[in-house]
Protein chains: 2
Amino acid sequence: MAALKYSRQREAIIDFLQTRKDHPSADMVYMNVRKEFPNISLGTVYRNLTLLSDLGVILRLHLEDGVDHFDATTAPHFHFYCTQCKSVLDLDLEDSPSLVTSAQEQFAGKIQGHATYFYGLCDQCIHK
Amino acid sequence: MAALKYSRQREAIIDFLQTRKDHPSADMVYMNVRKEFPNISLGTVYRNLTLLSDLGVILRLHLEDGVDHFDATTAPHFHFYCTQCKSVLDLDLEDSPSLVTSAQEQFAGKIQGHATYFYGLCDQCIHK
DNA sequence: TTCCTTGCAAATCGTTTGCATAATG
DNA sequence: CATTATGCAAACGATTTGCAAGGAA
């Protein structure tokens, strides 16, 4: 029942997210979209991020740092979180359907998906 | 350099968590431990939960509902989150070192572990 | 004109923290 | 006695929300 109407701000938010692979926080989105829309408010950013993730257009990630992160790649994939530099990366494993399948075999409810993140040290943080 | 000292409140918090398999929030812990220590403060509950999860005695889970959940089972396992009733369950999958292993094969950094939760509808929510 | 969206600011809410006091080792 | 833990309340920070004005259908 949404009856969504177009807005340039929302488009800019989606566009920005699609250029990034590092899963920005709402504040990051805000600071960047502000270059194009200096008057955009943080509330508008949050409203759109919430709307878009409710619609499934983007993903909302809950990591360990207390701030939500957003991801324009909605195809199932895995994430890596560096405990040192706090960066977030995509991991492209082939294996994800079998994970859900094997979980489903042992679970009476209906599994619709999963959120998985690996944690540890990223390549850069190891070498310094 | 911790130099931990005993406290009855902390013990009660751990004891309570060990009796539960539903991964209570800090507020749940607070309400229950209050039966035994009516004057305990929410701050003390948070301080101990944070301390214990930093020490690795318990796990702190970041789910979709915006509140942190705590788990006294620290052995690697999976979680299920019901998107309808918001309950959290343990899933005992044949532990998959293969998950970390296969991820590690394709990743230059060092993977130390993973947090995985499945989401969907639990058995009870399907049948109503 | 109707209803969605925005900007702004205030409100929420989970969590953390400063401080004086109590308990532990 | 030295140090850690507690209770209380205030502070914090991320996110949400009410409202009046602006923009899309």
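Each chain gets a letter, A, B and so on, in the order the sequences are listed, and its residues count up from 1. What you are looking at is a predicted structure, and each value in this text was computed from that prediction instead of being measured.
Here the nucleotide nearest the side chain of Q9(A), chosen from dT16(D), dT6(C), dG25(C), is dT6(C). You'll find that the side chain of R47(B) is closest to dG18(C), out of dT6(C), dT4(D), dG18(C). In this structure, the nucleotide among dT5(C), dT6(D), dT15(D) sitting nearest to the side chain of R10(A) is dT5(C). Proximity note for S7(B) (side chain, C-beta onward) versus dG7(D), dT15(D), dT6(D): the nearest is dT6(D). When each of dT4(D), dT15(D), dT5(C) is scored by its nearest atom to the side-chain atoms of A26(A), the top-ranked nucleotide is dT15(D). Considering only side-chain atoms of K5(A), the nucleotide from dT6(C), dC3(C), dG25(C) that sits closest is dC3(C).
The phosphate of dT6(C) (OP1 or OP2) has no side-chain N or O of S41(A) nearer than 4.0 angstrom. Remark: T44(A) is not in phosphate contact with dT5(C), judged by side-chain N or O atoms under 4.0 Å from OP1 or OP2.
Atom P of nucleotide dG14(C) and atom NE2 of H69(B) are separated by 11 Å, given to the nearest angstrom. Spacing between atom CD1 of I40(B) and atom P of dA22(C) amounts to 17 Å, rounded to whole angstrom units. Note: CG (D65(A)) to P (dA14(D)) measures 10 Å, nearest angstrom. In this structure, L52(B) atom CG and dA5(D) atom C1' are separated by 13 Å, rounded to whole Å. dG14(C) atom P lies 16 Å from atom NE2 of H62(B), rounded to whole Å.
Using a 4.0 Å heavy-atom criterion, one finds that Y46(A) contacts the bases of the nucleic acid, with or without backbone contacts as well. L42(B) comes within contact range of at least one nucleobase, with a heavy-atom separation under 4.0 Å. Heavy atoms of S25(A) sit nowhere under 4.0 angstrom from any nucleic acid atom. Within 4.0 Å (heavy atoms only), R60(A) reaches sugar-phosphate atoms of the nucleic acid but no base atom. Here D68(A) lies in heavy-atom contact (under 4.0 Å) with sugar-phosphate atoms only. Residue-level contact check: N48(B) touches the backbone only, with heavy atoms under 4.0 Å from sugar-phosphate atoms and none from bases.
Note on F107(B): it clusters hydrophobically with F118(A), by side-chain heavy-atom contacts below 4.5 Å among ILVMFWY residues.
Using cut-offs of 30° and 60° on the angle between ring planes, the pair Y117(B) and Y81(B) is perpendicular. Ring orientation note: the planes of F78(A) and H114(A) are tilted relative to one another, at an angle of 30° to 60°.
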R10(B) vs V57(B), test: side chain to side chain contact (heavy atoms under 4.5 Å, CB included). Steps then yes/no. CA-CA 12 Å; R10(B) 184 184 303 138; V57(B) 176; over 6 Å; no
